[in-house]
Amino acid sequence: MHRCRHDLSKGWRLRQCDQPQDWLPARRLPTQVHLDLLENKRIPNPFLDLNELAVRWVGEKSWVYQLRFKRPMTDHENGASTSDLILKGLDTFARVVLNGVEILKADNMFLAHRIDVTGHLRDDNELEIIFDSTVLRGRQLLEQHSHEHTFYVRQTEASRVPVRSAQYNWGWDWGPITLTMGPWKPIYIEQFVSRIDDIWVQYELSEDFTTVSGTIFVLTRGKYTSTVDVIMCLDGNTCFEVECPTNPDGLAQAQFTVESPQLWNPAGYGKQTLYTVKAAILSLDSIEKKIGFRRAELVQKADDLGRSFFFRINGVDIFCGGSCWIPADSFLSQMTTSRYYDWMKLMIEGRQNMIRIWGGGIYEDDALFNACDELGILVWQDFGFACASYPTYPSFLESVEEEARQNIRRLRNHPSLVIWAGNNEDYQVQERYKLEYNYEDKDPQSWLKSTFPARYTYEYLLPKIVKEEDPSAIYHPSSPWGDGKHTADPTVGDKHQWDLWHGGMNRYQEAPILSARFISEFGMEAYPHLETIQNMILDPEQRHPGSMMMDFRNKAFDHERRMITYIAENFKIKYDLASFTHLTQIVQSDTMKYAYESWRRDWHARRCGGVLVWQLNDCWPTTSWAIVDYHLVKKPAFYAISKALQPVAVGISRPYHSWTAGHADPTAPFRDNKFDLWIANSRLEELEVDVTVRFISIGTGKDVVGSRHIKVNVQANDITEVYNKHDGPPLDPQIDQKKPFDPRKYDAYVIHATVSSNGDTISSNTCWPQPIKYLDFGSRIVRFKMVSDTQIAMTSDRPIKGLVFEEKKGMKLSHNGFDLVPGEQPVVDVMGISLDSLRYTFVGAPEGSIRVSLS
């Protein structure tokens, strides 16, 4: 009998434990309590208005799920000798009872369970899963272990810390408090005579990448497992095949060598070749997985700045431009494979090549990793710890070890997974609360006795497990982390650069001085587009900046103070919802432009190895740092990053002058005519290009001086400086510090650069004098022309800042967030909406949004 699976996804019901007669039908598994209550109209939608407050009680109750089912088949009928109950994931404290017998106690959301129920099955069966309140159990654990550990925590309540569950469900500064419970992953019965538990590959590539050699491991269970057939294929062609004996533990090891292997490469650097490895036991069971051959290195070498931190894949240095990832839903059981693929396809659309899976979420679903394998996205996976001082009592460490081993085993075949990090920001907690940490002390047992015992987990236990389960994997103790130095040190390791938005609240124009060896977090908030706001706040009277519901939908600490500061420093404020939304989005977009361009510039000499924005996505409809909202609707910042990460990208900067610090001279930014211009090239070959630089009057749209043209030989995989502190047009004589200055008569200019190769423009950029609020944007008109049924062109006689089309769910644009200059006519591909239904606005436009008028 071949191994067979009997689905147990339908027919469940649930009730609150203290209400024995109030059974409700449950959704198809996987599910969670909130979703079932919502479907039965017992709670309002937590994603609307203030309803999160009205459903918090759910997390403080206990719940029971029940299923009655027939025996799948008798052992005699199907020839199976074993029936296992598989529970892929239980959220979180659960007792599983089959026909009145308790067969499992679970307390870790990240674990899967396999239970032999052969002797428990009857013709008619009853399966119950009783879920205790996660938050109440967490509070009990706090009290139980308070004598041995101080549970410091930086986000929400400390009851999350001793609980091995997705930490964000306690609420975060971008997400609601949704303390979930339930069978959040599939449940089924598996019957077999023999089975293959796992197949995985360990390999090494030769120095010149012409040969790959290694071992295919196959773990078997049951009868008739003395040998297994092992095959490796590429595109249906067999590369390797062998019949392999198993040892007494059921483990088979097949040595292999492949000549001239096709490699797996990150997006933009070659093909994402995936081989198939298969194993079979007679006709009883078989398994197959995809693997990719690549060499991944984290290069940390001493240099004149400190110590480098960048990734080298297949011998090629890779600048990692990408995003941080949080769970894509507050209720993870409703995530689908297609949703994961849609998110990862957005990464590629945005020219992003790395995603960092944050430690306060989950060890992400196979669907995400499969998509990254196929698309060429590098994955940084944090272990499941975030923003706290975690304990190390024995039962906690035992659970963590099983959690780590299970998830490493599940994910180790994925070529996209290039680094494991021990946690998110836990060493910042150590610094904040002055917990004991002596980097020179290398005795793990002494760490357990300190006030920061989690060091044992991050610097001893987890790296040990990674080495045992996946010897070639890269491990990094934390994010951020730099050889035991302060987490804010920019000379070593990775850094979370929160002096933008948080911390010192530096202006985004100061991004060049905020660089580090690898920036694995930074961000700027923005509102989502209007449709998302209108769909999450149903009361029209509450749809305005500063309303109770708008404030409630932003979980960031002091969000109004910070957001209005960045807007007021840079733009003339308009408070109608459409205009204010647009200003928040332009602030975020400009922050991304400054950050990605200036920090990518530091790729030269590998001063900065990568930039990952916080964050790509949202877990509910909200205002946050996300560059794409919950409904996969992109904000202008998404496009700004995509533009900055073009394979060949021209960058321009002007000197930064503070305009409001004490006795600062606000005319200084306009009196300084210096500028820098550089070209970033991620291609692996040199390129000769033509560079044109224009200086265009903001008031008239005319060039204030003639264009500059230069041929440039752009270096491969590097930064080529074209102009450094170069003089632009002569200083305007109107700015004379010995005479009164009239801002109404002064006409500033933008710097616009294009890079062309063989007559085709491959990159362009516009640099504005700062701050934008000092500029006169009167008399701006944008003209639109229909190029085809799905294309629209734009022109203007005067420079336009921040033209944004209002995006909606299901709509797709090739670009958004434009700076227009006279003489240029960008064309936008538009899908999912008719051209004459488009609405837009720009800096200085009338209040609200404007409908496109086509010529």
Side-chain angles (χ1 to χ4, degrees), residues 1 3-43 58-109 111-134 136-137 165 180-193 195 331-334:
M1 171 212 162
R3 174 163 60 165
C4 57
R5 170 173 167 168
H6 302 280
D7 184 52
L8 297 180
S9 64
K10 297 179 183 178
W12 290 83
R13 59 180 187 166
L14 82 154
R15 64 173 173 84
Q16 198 172 310
C17 282
D18 57 4
Q19 297 180 8
Q21 305 306 316
D22 191 18
W23 286 102
L24 301 172
R27 302 162 72 245
R28 182 186 180 99
L29 265 57
T31 189
Q32 286 158 303
V33 172
H34 289 78
L35 299 176
D36 290 316
L37 295 179
L38 180 60
E39 194 156 295
N40 283 280
K41 298 181 171 54
R42 293 298 183 92
I43 60 171
V58 174
E60 297 194 359
K61 302 295 181 180
S62 295
W63 302 84
V64 58
Y65 278 81
Q66 185 187 84
L67 174 70
R68 289 172 178 158
F69 65 97
K70 297 288 186 181
R71 186 198 297 266
M73 283 191 290
T74 66
D75 295 343
H76 175 73
E77 289 171 329
N78 64 18
S81 60
T82 303
S83 296
D84 283 354
L85 177 65
I86 313 297
L87 307 108
K88 299 297 285 186
L90 300 174
D91 177 14
T92 290
F93 293 98
R95 292 185 295 117
V96 181
V97 178
L98 178 60
N99 297 325
V101 177
E102 183 176 281
I103 58 173
L104 174 68
K105 276 187 177 179
D107 61 2
N108 189 320
M109 178 181 178
L111 294 181
H113 306 276
R114 175 185 286 270
I115 309 159
D116 186 344
V117 294
T118 308
H120 296 283
L121 289 176
R122 304 171 182 168
D123 290 339
D124 295 293
N125 300 277
E126 183 178 272
L127 178 63
E128 284 194 340
I129 310 177
I130 301 95
F131 291 94
D132 286 347
S133 165
T134 309
L136 295 185
R137 287 288 297 272
S165 180
T180 58
M181 287 164 282
W184 76 289
K185 286 192 173 183
I187 296 175
Y188 53 93
I189 287 177
E190 192 175 83
Q191 294 185 304
F192 60 92
V193 173
R195 75 171 194 269
F331 304 107
L332 285 163
S333 59
Q334 61 185 359

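Side chains of Arg5 and Pro186 form a contact here, defined as non-hydrogen atoms less than 4.5 Å apart. At a threshold of 4.5 Å between non-hydrogen side-chain atoms, the residues Leu87 and Leu104 count as touching. Using a 4.5 Å cut-off on side-chain heavy atoms (C-beta onward), Leu332 and Met109 make contact. Side-chain contact between Val33 and Phe131: absent, with no pair of heavy atoms (C-beta onward) separated by less than 4.5 Å. Two residues are said to be in side-chain contact when any heavy atoms from C-beta on lie closer than 4.5 Å; Gln32 and Trp184 meet this criterion. By the 4.5 Å heavy-atom criterion applied to side chains, Pro183 and Trp12 are not counted as neighbours. Taking the side chain as every heavy atom from C-beta outward, Ile130 and Val97 approach each other to under 4.5 Å.
For the residue pair Asp91 and Ser165, the shortest heavy atom distance occurs at OD1-OG, 3.8 Å. Nearest heavy atom pair, residue Trp63 against residue Leu37, reads CH2-CD1, 3.6 Å. In terms of heavy atoms, Ser83 sits closest to Ile189 at CB-CG2, 4.4 Å. Here the closest heavy-atom approach between residue Asp7 and residue Tyr188 is recorded as CA-CB, 4.2 Å. When all heavy atoms of Ser333 and Leu35 are compared, the pair lying nearest together is OG-CD1, 3.2 Å. Nearest heavy atom pair, residue Arg27 against residue Asp36, reads N-OD1, 2.6 Å.
Side chain of Arg28 to main chain of Ser9: no donor-acceptor pair is present (N/O by atom type, distance under 3.5 Å, no hydrogens or angles).
With values rounded to the nearest 0.5 angstrom, Ile115 atom CD1 is found 8.5 Å from Ile86 atom CD1. The distance from the CG atom of Leu90 to the CG atom of Asp107 is 10.5 Å, given to the nearest 0.5 Å. From Phe192, atom CZ reaches atom OG of Ser81 across 6.5 Å, with rounding to the nearest 0.5 Å. Between the NE2 atom in His113 and the CD1 atom in Ile187 there is a gap of 10.0 Å [rounded to 0.5 Å]. Atoms CG and NZ, on Leu67 and Lys10 in that order, are 12.5 Å from each other to the nearest 0.5 Å. Distance check: Gln66 CD to Glu126 CD gives 4.0 Å after rounding to the nearest 0.5 Å.
Considering only residues two or more places apart in sequence or on other chains, Phe331 meets the ring pair (Phe, Tyr, Trp, His ring centres under 6.0 Å) condition with His34, Phe47. With sequence neighbours excluded, the residues satisfying side-chain hydrogen bond (donor to acceptor under 3.5 Å, both in side chains) with Asn125 are Asn99.
Side-chain atoms of Gln16 and Asp22 form no donor-acceptor pair, as typed in the model, at a separation below 3.5 Å. Counting only N and O atoms by type, the side chains of Ser133 and Glu60 include no donor and acceptor under 3.5 Å apart.
Using a 4.0 Å cut-off between charged nitrogen and carboxylate oxygen, Lys70 and Asp124 count as a salt-bridge pair. With salt bridges taken as basic N to acidic carboxylate O contacts below 4.0 Å, none links Glu128 and Arg95. The existence of a salt bridge linking Asp84 and Arg114 is confirmed by a sub-4.0 Å separation between a basic side-chain nitrogen and an acidic carboxylate oxygen.
Around the NZ atom of Lys185, the shell of radius 6.0 Å holds more than 12 heavy atoms that belong to other residues, nucleotides or ligands.
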